[in-house]
Every structure is written in structure tokens, then in C-alpha cells.
Asker: 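A single structure is presented below for examination.
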Amino acid sequence: MKTDDLFHETFAALLANKARTALTMLGIVIGIGSVIALVSIGQGAQASINSSINALGSNLIEIMPGATQSFGGPSAGRGGATTLTNADAGAIASSVADITAVSPELTGRYQIVAKGANTNTTVLGVTSAYPAVHNLQVAEGDFVSDQDNKTLAKVAVLGPTVLTDLFGDDATADAAIGQTIRVNGQLFKVIGVTVAKGGSGFTSQDDQIFIPLQTEQKYLAGGTHLSTVSIEAASADAMAQVQADVTSLLLERHKISDPTKADFSILNQNDLLSTASSITGTFTLLLGAIAGISLLVGGIGIMNMMLTTVTERTREIGLRKAIGAKRRDISMQFLAEAVALTLVGGAVGLALGAFASFLIASFTTLAPAITLSSVALAIGVSAGIGIVFGYYPARRAAALNPIDALRYE
């Protein structure tokens, strides 16, 4: 059978019963659409998480006070543990090689009041090294300087979210700079506003206020303890060695001989990215597997339709064989019909999935990402389902005895 004849016969057979063809195809459409939409949600979530982690800084290593618990997190990294001090940060900066910058930080959460408005947000005590380590930029004004730390200046740099919370949705950075705010009852002068970076919850640098580290230690927290020491390694290749050197230095300074009893924990940005990718990858796979169940149901529907079609067209098959059609021609005819069903259904499902992803992105905070690999997977799965579930009906049709088929009523 010629290719042109095969195409003509295939689509003529499918269009002969449009309602049944459409209903059979619906299972594939829903299945492929679900796979595309759900996988795009998973991939979008992975990209968002990786972007949030990368936004924290480049080649970043974070040291937090508190021993590492069995589940992998610090016991009190940003809470009550006070085992990291200014002296530790200074020792790291002066003693460890392959470090570009060291940023000692103290995190607290306080009530902020300005012009009758108030908000409860994170107040981060920092030094001038913070922007370089965390890829932070100032939109207007200035950032905390070394001089501000030396003089215990009561100055503040606002994140964009805090700016709108305190001064209104239409507030500009210029209007806020020079204004006075109260941080836990203490008066601070706004000297700058940072560039928006996005993120949510504790990962958002937009919903923070930055003040001099020593000012926060003296007037808000008391003492010289730190919540975090952030380190920017000279390169990604140097991160492992820097982490090892920092660990050895802090163990020595804290007079701890057994590394398992360390009173600090170290997080490597590469480890965070790897863990996040693993988790979101598993999440995406789970979503795809759930959607894949509907594809299986759609495939069974196609097999059922093709078996019914073989039965209905038994006399036609017998007539074709009687005038010289080979088993291969009959098999290819029915297999082509099954593959055509799934490919057309897959194309419609792909469009449906893309449209669903667009709606999700438009009406939620999620950002689904449709990739070339997911599109290729959808097309490949569609063709595969047609071949797998169309093979048996096609083989059964080809095996019919022409004499018995002609006698079939």
C-alpha cells in the first residue's frame, strides 16, 4: 500500500464516525494536557526555588550557630544559639584563603512604625560587605557603611516591600529617604531603598530592613553574637576547601576536638541547590506519574475502539485480502489509525496543557515552565501509546481468514 493511500484510508476511516473518534481521542487529550500542565508546574517551581537560592548570593557559604541535628538542620541557627561572634567573623576573614568577602549578620524581628503605619518584619544587622556577598543592589540612596558601624549610627535601608508597607503603595524611594522610622521604639533615619529581588517568606530580601550590625547588637539585641556569617568564596571550585578550612578554624577557636559536637553548622549553596533540585525533581515526577494514569486510561480506550472497529469491518478486511492485500497492509492500516488518533489527540492535549499553564500563571503566583523536553515527551508518549495499544487490534485484523471474514455477518 502506498503512503498516500494509507493516509487517505486512515483519515477516511476515522472521520466515518466522528463522535466515536472524538470521544476516544478525549482520553489522550486530557492525559497529555494534564502531563504538560503538571510537569510545567513542577519545572516552574524548581526554577523559582533555584532562582531564590541563587539570588541569595554567588558561591555562598553560610555559617549558623547551633549544632546540626540528625535531620540536617541547625538546632537554633537563627534562634537562641549565640555561639558565633564578631571575633569569629574577623578570624575567618583574616585566616581563610580563597574568600572574596565575609558578611557577619544578626537577624531579629521587630515592630516598625512610620507616619502612623506599622509592620512587623525582619531587621538585619549588616556590614558594608553584605551587598557584595548577597548580590544586593541599592535603588536609591546609600547602603550601610563601615563608618555607620563604627559610630553606631541609627540608619536604615528599606526593602521595597517594607517601603510600601510603611509609606503606601505609591511611595517612591526618594520620598522615603530622609524620613524617620521607629524600630522597636528606637528612632532610625532612612538612607536608602534596595532593588526588588522577589521571593517570599524568610527568603525575601524585599521584606527586610538593613541597619548597621553593631547598632543592632548594642541597641536591639545586646552582646556580640551573630545569627549568620555569610562567605563568598573566590570560585565555585574553591567552595569545598573554604568550607573545610572554616570548619577547622571554628573548631579550633571554640576548643572542640570532636567535629560531631560542633556548636555551629555550615550550609553550602551548591548543596542547597542540589537538595532543592532533587526535591522538586521528585515532585515533578510524582505529578507526571499522577497525570500519566489518565494516559493509560486513554490508551485502553483506543484499544477498545480499535477492537470494535476490527469487528465492524471484518467483511471489509476479508474483501481486501481476497483482492490481494497482504497481512502487512492490513496491520499497517489499523496501526496507522491508532497512531493518528493519539498524535492528533496529543497535539490538542499539548495546546490544552499550554493554555492551562497560561491560566495558572495569570491567576496564581506560580510560574509554570513548558520546556522543549516536556513537549518532546508528550509527542513521544502519544506516538508510543498509539503503537502499543494499536498493535494488538492491528495484528488481530491482519490474522483474519479472508473466507471467514467474507462470510461474517
Side-chain angles (χ1 to χ4, degrees), residues 62-69 73-94 101-114 118-131 133-134 136 142-159 162 165-166 179-192 194 201-202 204-205 207-231 246 249-251 253-256 262-267:
E62 290 197 335
I63 312 163
M64 291 176 289
T68 302
Q69 294 181 338
S75 60
R78 297 184 185 271
T82 58
T83 54
L84 284 180
T85 64
N86 292 343
D88 289 328
I92 292 171
S94 61
V102 176
S103 172
E105 301 153 19
L106 177 59
T107 304
R109 195 166 187 89
Y110 301 101
Q111 195 71 17
I112 316 298
V113 180
N118 69 89
T119 184
N120 188 282
T121 191
T122 300
V123 177
L124 198 58
V126 298
T127 66
S128 60
Y130 186 92
V133 174
H134 292 279
L136 186 70
D142 300 309
F143 197 73
V144 173
S145 67
D146 293 334
Q147 185 64 24
D148 292 330
N149 266 293
K150 289 179 182 179
T151 60
L152 301 179
K154 291 185 178 180
V155 294
V157 180
L158 308 183
V162 180
D165 288 344
L166 293 179
Q179 298 292 329
T180 299
I181 63 174
R182 287 185 178 271
V183 180
N184 199 34
Q186 301 280 339
L187 291 175
F188 282 76
K189 180 181 178 181
V190 178
I191 62 170
T194 63
F202 67 90
S204 176
Q205 294 185 76
D207 191 16
Q208 291 180 345
I209 291 179
F210 306 92
I211 67 174
L213 170 63
Q214 295 184 34
T215 301
E216 181 166 351
Q217 289 175 330
K218 180 175 178 60
Y219 294 108
L220 300 180
T224 60
H225 68 277
L226 302 171
S227 298
T228 312
V229 177
S230 298
I231 301 171
V246 169
L249 175 64
L250 291 180
L251 288 174
R253 285 183 55 81
H254 295 186
K255 296 179 171 55
I256 299 172
D263 58 358
F264 60 90
S265 56
I266 300 181
L267 292 178

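As the structure is a prediction and not an experimental result, all values here were calculated from the model. Along the sequence shown, residues carry numbers from 1.
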Asker: At what distance, to the nearest 0.5 angstrom, does CD of E216 lie from CG of L226?
Answerer: 10.5 Å
Asker: State, to 0.1 Å, how close A262 and L251 come at their nearest heavy-atom pair, and which atoms those are.
Answerer: CB-CD2, 3.8 Å
Asker: Quick one: do L84 and I63 satisfy side chain to side chain contact (heavy atoms under 4.5 Å, CB included)? Show the steps, please.
Answerer: CA-CA 9 Å; L84 284 180; I63 312 163; 3.8 Å; yes
Asker: Flag the pair S265 / M64 as yes when at least one side-chain heavy-atom distance between them is below 4.5 Å, and no otherwise.
Answerer: yes
Asker: Would you call D207 and T122 a side-chain contact if the rule is heavy atoms closer than 4.5 Å?
Answerer: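 When only atoms from C-beta onward are counted, T122 and D207 do not touch, as no gap falls below 4.5 Å.
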Asker: To check you understand the geometry: which heavy-atom pair defines the closest contact between S230 and E105, and what is its length?
Answerer: OG-OE2, 2.9 Å
Asker: Roughly how far apart are K154 NZ and T180 OG1, rounded to 0.5 Å?
Answerer: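 Atom-to-atom, K154:NZ and T180:OG1 are 11.5 Å apart.
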Asker: Does H225 offer a backbone N or O that forms a donor-acceptor pair with the side chain of Q217 under 3.5 Å?
Answerer: yes
Asker: Compare every heavy atom of T215 with every heavy atom of A153, then report the nearest pair and how far apart it is.
Answerer: O-OG1, 2.8 Å
Asker: Looking at CD1 of I256 and CG of D263, how far apart are the two atoms once the value is rounded to the nearest 0.5 Å?
Answerer: 3.5 Å
Asker: Which heavy-atom pair separates I181 from A156 by the least distance, and what is that distance?
Answerer: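 Of all heavy-atom pairs spanning I181 and A156, the closest is CD1-CB, 4.2 Å.
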Asker: For residues T127 and N149, report the shortest heavy-atom separation together with the two atoms involved.
Answerer: CA-ND2, 3.6 Å
Asker: Just how far is it from atom CZ of R182 to atom CD of Q111, taken to the nearest 0.5 Å?
Answerer: 13.0 Å
Asker: Starting from the C-alpha separation in whole Å, work towards a yes-or-no answer on side chain to side chain contact (heavy atoms under 4.5 Å, CB included) for L152 and Y219.
Answerer: CA-CA 9 Å; L152 301 179; Y219 294 108; 4.2 Å; yes
Asker: Taking all heavy atoms of S227 and all of L106, pick out the closest pair and write down the distance.
Answerer: OG-CD1, 3.4 Å
Asker: Taking side chain as C-beta onward, heavy atoms only, is I191 less than 4.5 Å from V157?
Answerer: yes
Asker: Does a side-chain heavy-atom distance below 4.5 Å link L213 with N86?
Answerer: yes
Asker: Hey, does T82 have a side-chain heavy atom less than 4.5 Å from the side chain of P65?
Answerer: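 Contact flag for P65/T82 side chains = no.
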Asker: At what distance, to the nearest 0.5 angstrom, does CG of D165 lie from OG1 of T121?
Answerer: 7.5 Å
Asker: Could you walk me through whether I209 and F188 pass side chain to side chain contact (heavy atoms under 4.5 Å, CB included), step by step?
Answerer: CA-CA 11 Å; I209 291 179; F188 282 76; over 6 Å; no
Asker: Is there a side-chain contact between V229 and D88 (heavy atoms, below 4.5 Å)?
Answerer: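 V229 vs D88: side chains apart.
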Asker: My understanding is that only residues two or more places apart in sequence, or in another chain, count here; which of them pass salt bridge (Lys or Arg N to Asp or Glu O under 4.0 Å) with D148?
Answerer: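 D148 satisfies salt bridge (Lys or Arg N to Asp or Glu O under 4.0 Å) with no residue once adjacent residues are dropped.
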Asker: If the condition is side-chain hydrogen bond (donor to acceptor under 3.5 Å, both in side chains), which residues does T83 pass it with, not counting sequence neighbours?
Answerer: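 Expected list: none.
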Asker: Check ring-ring contact (aromatic ring centres under 6.0 Å, His included) between Y110 and all other residues, then give those that pass, not counting sequence neighbours.
Answerer: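 Expected list: none.
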Asker: Taking only residues two or more places apart in sequence or in another chain, which ones pass ring-ring contact (aromatic ring centres under 6.0 Å, His included) with Y130?
Answerer: H134, F210
Asker: Would you please name every residue forming a side-chain contact (heavy atoms from CB on, under 4.5 Å) with A87, sequence neighbours left out?
Answerer: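 A87 satisfies side-chain contact (heavy atoms from CB on, under 4.5 Å) with T85, R253 once adjacent residues are dropped.
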Asker: Applying side chain to side chain contact (heavy atoms under 4.5 Å, CB included), run through I112 and V123 and close with a yes or a no.
Answerer: CA-CA 9 Å; I112 316 298; V123 177; 3.9 Å; yes
Asker: When rounded to the nearest 0.5 angstrom, what distance separates OG1 in T107 from CG in L124?
Answerer: 4.5 Å
Asker: For R109, what residues pass the salt bridge (Lys or Arg N to Asp or Glu O under 4.0 Å) criterion, not counting sequence neighbours?
Answerer: none
Asker: Looking only at side chains, do S145 and Q147 share a donor and an acceptor under 3.5 Å apart?
Answerer: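 The criterion, which ignores hydrogens and geometry beyond distance, is not satisfied for Q147 and S145.
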